[in-house]
Each structure stands twice: as structure tokens, then as C-alpha cells.
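Quick note on labels: first sequence line is chain A, next is B, and so on, each numbered from 1.
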2 protein chains.
Amino acid sequence: MTVTIYDVAREANVSMATVSRVVNGNQNVKPSTRKKVLEVIERLEYRPNAVARGLASKKTTTVGVIIPDISNSIYAEAARGIEDIATMYNYNIILANSDQNEEKEITLLDTMLGKQVDGIVMMSDAVTDKLHHLMKHAPVPIVLAGSVDESNDVPSVNIDYFQASYEAIQLLISNGHKRIAFLSGPLAYTINSKYKLAAYKKALQDANIEIDEQLIISEESSYDSGIEAWETLSTLDNPPTAFFAGSDELAIGIIHGAQDHGKNVPDDIEVISFENSKLARMVRPRLTSVAFPLYDIGAVAMRLLTKIMNKENIEEKVVILPHRIESRQSVKG
Amino acid sequence: MTVTIYDVAREANVSMATVSRVVNGNQNVKPSTRKKVLEVIERLEYRPNAVARGLASKKTTTVGVIIPDISNSIYAEAARGIEDIATMYNYNIILANSDQNEEKEITLLDTMLGKQVDGIVMMSDAVTDKLHHLMKHAPVPIVLAGSVDESNDVPSVNIDYFQASYEAIQLLISNGHKRIAFLSGPLAYTINSKYKLAAYKKALQDANIEIDEQLIISEESSYDSGIEAWETLSTLDNPPTAFFAGSDELAIGIIHGAQDHGKNVPDDIEVISFENSKLARMVRPRLTSVAFPLYDIGAVAMRLLTKIMNKENIEEKVVILPHRIESRQSVKG
DNA sequence: GTGAAAGCGCTAACAG
DNA sequence: CTGTTAGCGCTTTCAC
């Protein structure tokens with residue numbers, strides 16, 4: 001029924017070993033027999049069975065990708081970076097959503113390992129001990145993308161979240177603000193608590209600005225949360241005049257909340273976000289934002305993974321990409 | 001090194017067949033031996049090798065997903081729908097981007113078939129004859145999601161693009177507009193030319209409004225194209241007063257183009273889009289839009305695929321999901 | 001430069 | 001209820 005390597009061997013009057021050689025580009029084949037085999041392959045429409053190949057060679061040329069949610073542009077962007085590089089190196093990708101649920105993450109790791117992927121790229125906002133342990137003991141390499149593992153002993157690629165956030169807050173401070181609100185997704189996520197929030201506090205302290213817990217809001221990282229946050233913050237006795245938002249959606253929510261109440265951005269309030277997705281240009285005023293290079297992070301993570309899978313020497317398992325602040329109109333100057 | 005079914009068979013003093021049975025949940029195993037086997041599996045940390053299983057059973061429980069670009073929210077949304085249902089039915093997904101390039105699409109189909117996927121969900125804005133032929137002759141079922149194949153003989157799930165577009169144009173007409181612009185992505189894409197544009201022309205004709213080719217713009221479906229389109233259209237002698245935009249980004253581009261030039265939406269111009277992504281709520285004015293239920297399309301397509309893979313009886317291979325118009329503020333009334 | 005043969009780890013009859 | 005035995009389609013020594 002389906003044509004196998006054996007069929008083409010028979011038709012070409014050679015052994016399966018020879019067919020295998022030409023299929024795999026092995027040079028030890030006389031040009032004339034290679035040609036003959038190729039013809040038969042074409043004629044029979046032979047397509048190598050990657051599963052059989054995988055079983056025999058113990059390599060599947062597919063890598064697993066576990067991300068929180070592909071419908072979230074942040075992760076979709078990273079996924080594209082991962083896939084592009086994977087394709088470049090001839091790997092395919094098994095993609096799965098974890099919804100940032102540890103149990104799912106563990107199950108997914110398990111089923112991917114069962115499928116004999118050659119490696120895994122993972123994005124997780126909270127690398128728990130259990131996860132960390134699994135990653136350390138997995139039979140194939142795993143690299144984290146845009147996700148921090150505090151022990152720093154698993155390969156990963158990120159930007160310097162603390163420094164980037166610090167700079168963002170500083171920008172607001174340098175514009176004269178004393179009442180700066182901090183808005184982020186769940187503090188259960190390492191990046192939010194250990195980096196963004198920590199940087200916020202540090203920057204304020206360094207500028208001798210008192211930290212007001214009322215100005216710190218941790219919610220879902222969505223547009224609606226941004227609107228809500230504005231509602232609650234704007235009714236404070238001493239409301240904030242500037243906002244640091246952990247994502248573009250959050251920032252847009254704040255801006256719209258303010259605008260819907262007649263405020264002007266950036267004249268009345270200023271806001272800086274942390275993401276710089278294409279959304280940032282699609283609002284008025286356009287968002288000033290810390291650029292979080294998700295595509296690059298995905299691409300570099302995948303590239304790193306290929307190196308590890310090839311057992312190449314890695315200079316540095318923990319890579320930190322450069323960041324920058326994209327100045328637009330939601331912050332003055 | 002890695003523990004196999006044979007190892008657990010030996011340790012549990014049973015045959016591999018029995019281990020296979022318990023692993024696969026076959027009921028023909030005495031509870032006591034099942035328990036024994038399960039213990040050994042746990043102790044040895046045995047993990048079934050899906051590749052070997054796939055080779056032996058000719059089923060991989062993975063399906064291929066070919067989409068134009070995962071970093072585009074349209075497709076990402078659909079991908080999420082596909083993946084959710086795939087997970088529900090215990091399938092994994094091999095995801096790849098085609099960039100809407102026929103050659104890549106063909107290559108991807110080939111490598112996925114080589115990897116022995118059990119089925120494929122494909123999104124393609126232009127199902128060429130070649131593609132159609134490949135799909136018809138593939139060894140596993142393929143279903144199209146949000147993509148039309150005009151011959152209608154390959155399984156697919158869509159909405160009624162013509163009718164939906166017609167209604168959108170009608171809404172604009174009923175608001176008194178005579179100069180209505182049509183904006184879409186490439187007319188090389190079936191949906192744009194054969195449905196959206198066709199509906200536009202029909203609706204205008206039915207209302208005895210003359211069709212002005214100057215008002216028809218087909219460009220990339222991006223925010224910037226929307227802005228550009230506004231620039232060129234607004235300088236016409238008799239500029240349009242209403243716009244039908246093929247996507248949310250296009251619509252937002254038009255709106256911002258207009259607003260940046262002091263126009264008010266919807267007082268000066270009205271615009272309706274075709275998509276209704278979450279972006280629609282994240283602009284001012286909020287977008288009135290034809291709802292294109294991408295998640296559902298993906299989910300239903302995947303569900304359909306599972307049915308075909310299971311050789312269940314399918315009522316209708318070509319499914320049309322209902323659509324609706326979400327009224328917000330970019331169109332009056 | 002080419003072939004023979006032994007698996008890779010598992011499923012699936014077929015016996016018993 | 002359980003074991004035996006063939007493969008699944010290909011890669012990979014090891015000979016020749």
C-alpha cells in the first residue's frame with residue numbers, strides 16, 4: 001500500500017541500505033546508482049517514514065514548545081521566533097498551551113518527552129521547584145524563553161527585567177512625578193514580583209520617594225484590568241500622576257480609563273508600558289514602552305537549543321538580550 | 001539506559017503484552033497483575049515511547065496544523081481553538097507557519113505527512129489547484145479552517161463571508177451613505193475577492209449606488225495600510241463617508257488616519273470592520289464589526305477532523321458557522 | 001561502493 | 001487472562 005524503502009530498493013535493484021544512504025545524502029554512493037535510486041523514489045512517490053526513522057535513529061527532528069497561551073500576542077510573537085529558527089534548522093515544532101498551570105506544564109513535558117522530542121523550549125511565568133527539577137533531569141535539553149529560573153542553572157534567554165523596569169520608573173521620576181502607580185500581572189509570576197516590582201521600589205527609594213502600597217496593583221494583565229485600575233486609583237485622595245504598566249494592554253486600559261473621564265495623556269497623566277507590541281503604535285497617544293523583544297527571545301532560545309542538541313560548546317547558558325525604551329507620546333520629552 | 005516495556009515486563013514477571021495492555025488500559029488484565037505492573041512502571045519511571053508505538057500502531061496521535069502566521073492574532077486565535085480541541089481528544093499538534101506561500105504549504109504538507117500525522121488542519125487564504133489536489137489525495141484527512149475551497153469537496157469550516165459582508169455594507173447604506181469605500185487585504189485571497197468584494201458590489205448595486213473603482217483598495221491587511229488608505233481616499237474629489245474594512249487593523253488605521261486629521265468617527269465618517277478581535281474594544285470609538293469567530297472555527301475544524309479520523313459519519317463536510325454584527329461606536333445607531 | 005542483518009520499542013494477532 | 005511471535009519502516013554496524 002504505502003511505499004517503503006524496501007519497495008524502492010527492489011525496484012532499483014539495490015539494497016535498502018543504499019536507498020537509505022541516498023535518502024540521507026550519504027556520499028558513499030556511486031553517482032549512477034544514486035541517480036537510479038532517485039528516479040525510482042520519484043516514480044514511486046516514496047516518502048520516508050519519519051516515525052520509523054525516529055525509532056531507528058533516536059532522533060525525531062521535532063522539538064516541543066510549551067507556552068502559556070498562543071492566543072496572547074506576547075507568546076505568539078515568541079512562538080514565531082521559535083518556529084522560524086526551528087524551520088531554519090530543519091526541526092518541526094509540537095506546540096502546546098499550558099495556561100500557566102503547573103499541572104498542565106508537567107503533563108505536557110511528560111507527553112512531549114514520550115513523543116521523543118529532541119529538545120524543548122518552554123515559557124513559564126513561574127518556574128516552580130518541581131518544574132525546575134523535571135527540567136534538570138529531562139533526557140533532552142530544555143531551554144527557557146522569556147522566563148526566569150532563579151537558580152540560573154537551566155539554559156534561558158531573557159532581558160534584564162530589573163534594569164529595564166528601573167529605567168522606566170526613572171524616566172517617570174525624571175519627569176517630576178512623585179506619585180507613580182505600579183501595575184502588573186500576578187505577583188506570583190517571578191518577573192512581576194522579583195524584577196518589575198522590585199525595580200519600582202528601588203527606583204522610588206533611590207529618589208527618596210515614599211512607597212505607597214495603594215499605588216501598587218497586581219491583577220490580570222488585561223485591558224479591562226487597566227481600566228479598572230484607573231478607576232480605583234483615580235479616586236484616591238492623592239491619585240497618581242504617572243503609571244508604570246506591565247503590559248501594553250494594561251497601559252491602554254489606563255489611558256482609555258483616563259481619557260473616557262476627560263483626562264489628557266500625557267498632559268494630565270503619563271504612562272509607560274512594558275512590552276512594545278504592535279499595539280503600542282495603534283493607540284492615541286502612542287505608547288512609550290520598554291521594548292520586550294519576544295520574537296528575538298524565542299529565536300535565540302531556539303538557536304541555543306539547537307546548539308545544545310548538537311552538543312556544541314555554549315559560551316553562556318543564561319543569555320540576556322539588550323533592551324531599550326521606545327519613546328513615543330504617552331510620556332513627555 | 002532508558003527503560004523499555006521489556007524492562008518492566010521482566011521486573012513484573014509478566015510478558016510485554018501484558019504491560020502493553022495495562023499501559024493501554026485494556027480491560028483484559030487481572031486487577032492484581034495490573035497493580036503489580038503499575039507499581040513497577042512507577043518504580044522504574046517507565047515512559048512509553050510514542051515513536052515506537054506510532055510505528056507499530058500506525059497512529060501518532062498528533063495532527064499537523066498549517067497556518068499563515070502565528071504572530072497574527074487572527075490565526076493565533078484559531079490555533080488556540082484547534083489546540084484546545086486537539087488536547088481534549090488527546091492529540092498533540094505540530095504547528096507550522098506557511099506565510100501564505102504555496103511552496104511552503106506544499107513542503108509543510110509533505111513533511112507532516114512524512115511525520116505520519118493522523119490528520120491536518122490547514123488555513124490557507126488561497127487554495128490553489130495544486131493544493132487542492134494534494135489535499136484530495138493525502139493519505140490522511142485534511143480539513144480547512146477559515147479557508148475556502150471553491151470546489152467544496154474538501155472538509156472545511158467557515159462562516160458565510162458573502163452574506164456577512166453584504167449585511168455590513170447594507171448597514172452603512174441604511175445609514176444613508178452613498179460613498180462607501182471598500183478596503184481589504186490582497187484580492188488574490190479568495191475570501192477577499194469572491195466574497196467580501198463581491199458582496200460589496202452586490203449590495204451597492206442592489207441599492208442603486210454606482211460602483212466607483214477608486215473607492216476599492218486592496219493592500220496588505222495592516223494598520224499602516226489603513227492609514228495610507230485614508231490618506232489617499234480623503235484627498236479624492238468626492239471622498240467616501242463610510243468604510244468597510246476587511247480587518248480590525250485596517251479599520252483602526254482608517255480611524256486614526258481620520259482622527260489625526262481632525263475628523264470625528266462616527267460623526268464625519270463611519271467605519272465597520274470584519275474581524276471583531278479584542279482590538280475592537282481597545283480603540284476609541286470602539287469598532288462596530290462583523291464577528292469572525294476564529295476560535296470557534298478552529299475548534300470546530302479540529303472537532304470535524306477527529307470525527308473523520310475516527311471514521312464517524314459526518315453529516316456535512318462543509319460547515320458554515322453563524323455570524324453576527326457586533327454593534328459598537330464606529331457606526332451610528 | 002554496496003549488501004546483510006540486527007535491532008529501535010511497541011502493538012497486534014493468535015494461541016492457549 | 002496471559003504469553004509468543006511477528007512485524008511496523010528505517011538506521012546502522014559490520015563484512016565484503
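When rounded to the nearest whole Å, the span between NZ of A/Lys36 and P of C/dG1 equals 14 Å. Rounded to an integer number of Å, the gap from CZ of B/Arg10 to C1' of C/dG9 is 14 Å. Look at OH on A/Tyr6: it is 13 Å from C1' on C/dA5, rounded to the nearest Å. As rounded to whole Å, 12 Å separates atom P of C/dT2 from atom CD of A/Gln27. Distance A/Leu113 CG to C/dG9 P: 16 Å, rounded to the nearest Å. Taking atom CG of residue B/Asn26 and atom P of nucleotide C/dC10, one finds them 17 Å apart after rounding to whole Å.
No donor-acceptor pair closer than 3.5 Å links the side chain of A/Thr306 to the backbone N or O of A/Leu304. The main-chain N or O of B/Ser71 is found under 3.5 Å from a side-chain atom of B/Asp69 such that the two form a donor-acceptor pair. Between the side chain of B/Asp110 and the main chain of B/Ile106, no donor-acceptor pair closer than 3.5 Å is present.
Residue A/Asn28 is classed as a base contact, given a heavy-atom separation below 4.0 Å to a base. Counting non-hydrogen atoms under 4.0 angstrom, B/Val14 reaches the backbone sugars and phosphates but no base.
Between the side chain of A/Arg21 and the base of C/dG3 there is at least one donor-acceptor pair of N/O atoms closer than 3.5 Å.
Taking the side chain as every heavy atom from C-beta outward, A/Val22 and A/Thr33 never approach each other to under 4.5 Å.
Toward the 5' end of DNA chain C, the nearer of the two residues A/Met16 and B/Ser20, judged by each one's closest nucleotide, is A/Met16. Judged by closest nucleotide on DNA chain D, B/Pro31 is the one of B/Pro31 and B/Lys58 placed further toward the 5' end.
Boundaries of the chain A contact region on DNA chain D are D/dG9 to D/dT12, first to last in 5' to 3' order (nucleotide atom under 4.0 Å from a heavy atom).
Salt bridge status for B/Lys194 with B/Glu150: present, with a side-chain N to carboxylate O gap under 4.0 Å. The pair B/Asp149-B/Lys136 does not meet the salt-bridge criterion, since no charged nitrogen lies less than 4.0 angstrom from a carboxylate oxygen. Contact check on A/Lys35 versus A/Glu39 returns a salt bridge, with a Lys/Arg side-chain nitrogen under 4.0 Å from an Asp/Glu carboxylate oxygen.
Residue A/Thr33 places at least one side-chain N or O closer than 4.0 Å to OP1 or OP2 of C/dT2.
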